[in-house]
Every structure is written in C-alpha cells, then in structure tokens.
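Have a look at the structure below before the remarks.
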Amino acid sequence: MRGLLVIIGSLLMINNVCNGLLTSRINRMSSSSINYLSREALWFNQTLDHFSPYDHRKFHQRYYEYLDEFRIPDGPIFLVICGESACGGISNDYINVLAKKFGAALVTLEHRYYGKSSPFESLTTENLKFLSSKQALFDLAAFRQANVENPWFVFGISYAGALSAWFRLKFPHLTCGSLASSGVVHPILNFTEYDKQMGESAGPECKAVLQEVTQLVEQRLPFEGEALKTIFGASELKVDGDFLYYLADAAAVAFQYGEPDKLCIPMTNAKKAGEDLVGAYAKYVNEYYVGTFGVDVRSYTQEYLKKTTLSDSESGDRLWWFQVCSEVAFFQVAPADDSIRSSKIDLGHVPTTRLDFIYVHLIDLRLYHLDLCKNVFGEGVYPVVDATNLYYGGTDIAGSKIVFTNGSQDPWRHASKQISSPDMPSYIVNCQNCGHGSDLRGCPQSHLVLEGNSKNCSSPDAVNKVRQQMIEQIDLWLSQCHAAAISSM
C-alpha cells in the first residue's frame, strides 16, 4: 500500500524544491463527461469481518489520492466516501474548491464489494453477509487509522452522505467533522414521502399529466402489455411490477437530479396539444432515462439481480438491493391517495379478457419490494429498519460537528436531517432545479460540471449561500482540531 503517511513524508523532503505542490493532472474525461482529479488506483489491505476475533481474512480495497492542493506539513485530509457504486477516481466537484481553500489532500475509499473492492468472486447471498453500513464504517476507521494524524474531515453524498454522518457519530475521535450532502440517515420501510415530494417538485400541471400517464398505463397494461412495453423499449420486463417500477423511476430522476424541465415541459406540451401522453412519456424515457441518463433496462429484471458473478454485477445493482433488502429499505411506494407512481402491481398473470381482469389479484408496491427481496436473495433477508434507526438514531442522530445539506426538490431529503440542532446545522438549498447533492455537484447533479460550478442552478445565490455556510463550519471545526492538537503537545 502506498499510504498518505509515505507520500506526505516524501513531500516534506522536497518541500523546498516545489513548495509542497505537485503538478495538477486532470486525467479523466469519461464517456459520461465526468471529470476526475485522479484515477490512479491504490490498494488497502482491509479486514473482511471487523466484528469477529477469529476471522482474519483480508481483501484489497481500492482507493485514490489527490495531493496537488495539500499544504505541508499540517494541511487537513478530506476523506471523500464512495457509496453504492464503483468508484472510478476522485471527482472534480466542489470538494476540490474546498481542498484549494483549506490546502487539503483528497482521498477516497471505494465501498466494500462495489467496483474492484469485492472480497469474493461470487456474490451469492451467503457471501454478501459482510456487506453492511456497519462493516463499511469500520473500513473507513481502519483506513483512517493507518494514515497520517493530520486533521481529517469526511464528505459524502446520498448513502455515502449517511456514512459520513454515521462515521462522525461512531468515531468522533477520528475526524474533525463531516458533511452529509443529501445524507439519507433515516431508513424508512414505507417511503411514501418520496412520491409526495415528486408531486410538489413537479407542480400541479405537470403532476396531473404524470398521474394521467400512470392511469393510462394501468388501463392498457392488462390487455396490451407486450405492445405497451415495446413502446418503452422494455419488452424484457416480463413482470408487470418491474415495468411499473421502471416507469416510476424514469420520472423520479428528473426531479431527484435537478432536471425537471426535461420531463415536465414535453409532457405538459403534449397534453396541451392533445397528443398521446403514453407515447410522449415513452419518448422521454427512451431519450432521457435510457439515452442520456444511461439506464440499463435489464437492471429492472429480477433475473438480472439474481446474477452472482462479478462481471454481471459491475453496476452494483445486486449489491445495493441487498443493502436495501437487509438494512435500509427506502421502499418507494405510492401514498394512499394523489400519487404519481402506480399503487398496483400485477402478480404475474396477464389477463386476456375483461372478466379475467376482474379477478386478478393486486398487491401494493411495499409487498412488491418484499417479494423482490425474497425472490432475489432467498428466505430470511428482510430490512431491519427499526434496528438500523435504533443503532444510528435516524433523524434524531446524536452526533456533533455534522453539516447536513439537502436540495429543495430532492425527494430523498425526507430521509435526511432537515432541522438544525446544536452543533449539527442543516441547510436546504432552495432553487427550482436543486436536487440530490447540488451543494457539491452543482445543477443538474447528474451531469457533473467542473468544480460544481453553480451557474447552471436556477438560483446560484441560494447554492453559494449554503456553500459559504458549509465553509464557515468546516473552518471552525478544523480550527478547533488544530487548537486541540497544539494544546496536547
């Protein structure tokens, strides 16, 4: 392992030559147009089971470093947590701006099992038993302890944002503070608030059109399901529940990632023009959700989620579903009334006559999720949401020096901490296209702009105000860390 301790020691030796700064090298522009500061993979020898005194197995966990902005010798270390997907490097988002301001080194650790950090070659349910947020937090702690004792600050978005907050909660002695951007610290079994926020973010006109699309799909699905799925390029989704879930997700991402106009403008225009709304929605799904956003339709099939080979699981879908099904749930279900997404899922029998249709058994989306968990992972895998919230505290998290940020249009904010408490400020970024992680990624979040530039946000001032508040908290807590270190000498 080439750790920070070795690298920073080397930098100290050459400090008089180059003032401690290495030549900046942005060496990634991938097909998704995401820019990276570093893509050079390094490896940490990680413990497989942190809770067993007898299991001494190890696995290689991938991580990355970016030291161009590091201020020798006492600059802080910004640990950027990678979440529920493969980690391709250190993204050039707003954290790089913060690194420049504070003279920080950036390091990021890939989450166990995801990407190249899998302990096993087969992802069977039995082999996934070490995949949990608790094990992941100890991974971060072990990595942190193996490196330099400079002040550390932890960052994360979404699930990684939750890990950031939980890390500060469980290991306050290992970090000066944390930023939880869209941090989903409150696992929820019946997550109806997600759909409600979609409706609020859409506005009355767009919401009504999307509800009409759902009704039309539900009416047509029992009688012309195959043809309907073909329009959406989703003929391989044989289970009607999978298809309806796919359509719901396609709408959700527009609001979640700060691009509501990509969905609402064409749909409301189609309604005004008297066009076929299902056809208009299919055009959006095919062009944006699949074409631009890059979603793989097959990932919605339960047969795909059952695949256990690493080559079939590079997207992380099976892995995240396991965490959903075993720990955090976040089942996005329809509210009792006024929902956008479908509240009904066919059990698998496609009726051929109207009389047959009357006797079709329907279940709600929550049961659909539980059935999926059982079908994909077998008996005994169930989301222990109450236990997870008891362990971490949910929105009553009793940590300190944690900044929570959320986008006003992001449906996930209802699983985050939105009310400030002493030493744990919470800020809402208010703008028409402020979604998931907008404080660090800019707008829209799904298309990373260099250094999280806020110019594409509908209200840049709102984004910049929250960023200034973040900076003040980071500055304060790092200063307190420095003061404590000096007083202990």
Would [X] and [Y] pass as an ion pair if we require N to O under 4.0 Å?
| X | Y | answer |
| --- | --- | --- |
| E193 | K196 | no |
| K374 | E379 | yes |
| D423 | K401 | no |
| R144 | E149 | yes |

Going by the angle between their ring planes, with limits at 30° and 60°, are [X] and [Y] parallel, tilted or perpendicular?
| X | Y | answer |
| --- | --- | --- |
| Y289 | Y246 | tilted |
| Y159 | W320 | tilted |
| Y113 | F120 | tilted |
| W152 | F143 | perpendicular |
| F322 | F377 | perpendicular |
| W477 | F153 | parallel |

Without hydrogens or angle criteria, can the side chains of [X] and [Y] be said to hold a donor-acceptor pair below 3.5 Å?
| X | Y | answer |
| --- | --- | --- |
| S132 | Q323 | no |
| K417 | N406 | no |
| Y392 | S133 | yes |
| E259 | Y288 | yes |
| Q418 | R413 | yes |
| H50 | D139 | yes |
| N92 | N96 | yes |

ask   = Sub-3.5 Å donor-acceptor pair from the side chain of T47 to the main-chain atoms of D49, do we have one?
value =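 Side chain of T47 to backbone of D49, a donor-acceptor pair under 3.5 Å: no, none is there.
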query = Does NZ or CZ of R467 lie under 6.0 Å from the centre of the six-membered ring of Y94, at an angle within 45° of the ring axis?
reply =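 Geometry flag: set, cation within 6.0 Å and 45°.
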ask   = So is K170 actually on top of Y391's ring, under 6.0 Å and inside 45° of the axis?
value =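 Judged by the rule (NZ or CZ under 6.0 Å from the ring centre, within 45° of its axis), K170 counts as positioned above Y391.
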ask   = Taking the six-membered ring where the residue is Trp, are the ring centres of F243 and Y300 under 6.0 Å apart?
value =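 Centroid distance F243-Y300: not below 6.0 Å, so no.
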key: Within 6.0 Å of CD in Q468, more than 12 heavy atoms from elsewhere   =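 Atom CD in Q468 is crowded, with more than 12 foreign heavy atoms closer than 6.0 Å.
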message = Taking NZ in K101 as the centre, count heavy atoms belonging to other residues, nucleotides or ligands within less than 6.0 Å. Is the count above 12?
response =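 Counting other residues, nucleotides and ligands, NZ of K101 stays at 12 neighbours or fewer.
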request  = Locate the shortest heavy-atom distance separating E110 from R62; write the atom from each residue and the value.
outcome  =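 Heavy-atom minimum between the residues: OE2-NH2, 2.6 Å.
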inquiry  = On a heavy-atom basis, which atom in G437 and which in I157 lie closest, and how many Å separate them?
reply    =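 Closest pair (atom of G437, atom of I157, distance): CA-CG2, 4.0 Å.
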request  = Answer yes or no: is the gap between the SG atoms of C325 and C373 smaller than 2.5 Å?
outcome  =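 Bridged: C325 to C373.
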ask   = Between F102, F167, F78, which is the residue that forms a ring-ring contact (aromatic ring centres under 6.0 Å, His included) with F155?
value =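 Of the listed options, the one satisfying the test is F78.
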inquiry  = Exactly one of W412, F331, F255 should register a ring-ring contact (aromatic ring centres under 6.0 Å, His included) with Y194. Which one does?
reply    =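 The residue from W412, F331, F255 that satisfies ring-ring contact (aromatic ring centres under 6.0 Å, His included) with Y194 turns out to be W412.
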message = For a disulfide (SG to SG under 2.5 Å) check, start with the C-alpha distance between C443 and C431, then their side-chain angles and the critical distance, and finish with the verdict.
response = CA-CA 10 Å; C443 304; C431 68; 4.4 Å; no
ask   = Can you list the steps and then say if L189 with F191 is a side-chain contact (heavy atoms from CB on, under 4.5 Å)?
value = CA-CA 6 Å; L189 184 66; F191 195 15; over 6 Å; no
key: Worked verdict on C87 versus C82 for disulfide (SG to SG under 2.5 Å)   = CA-CA 6 Å; C87 189; C82 271; 2.1 Å; yes
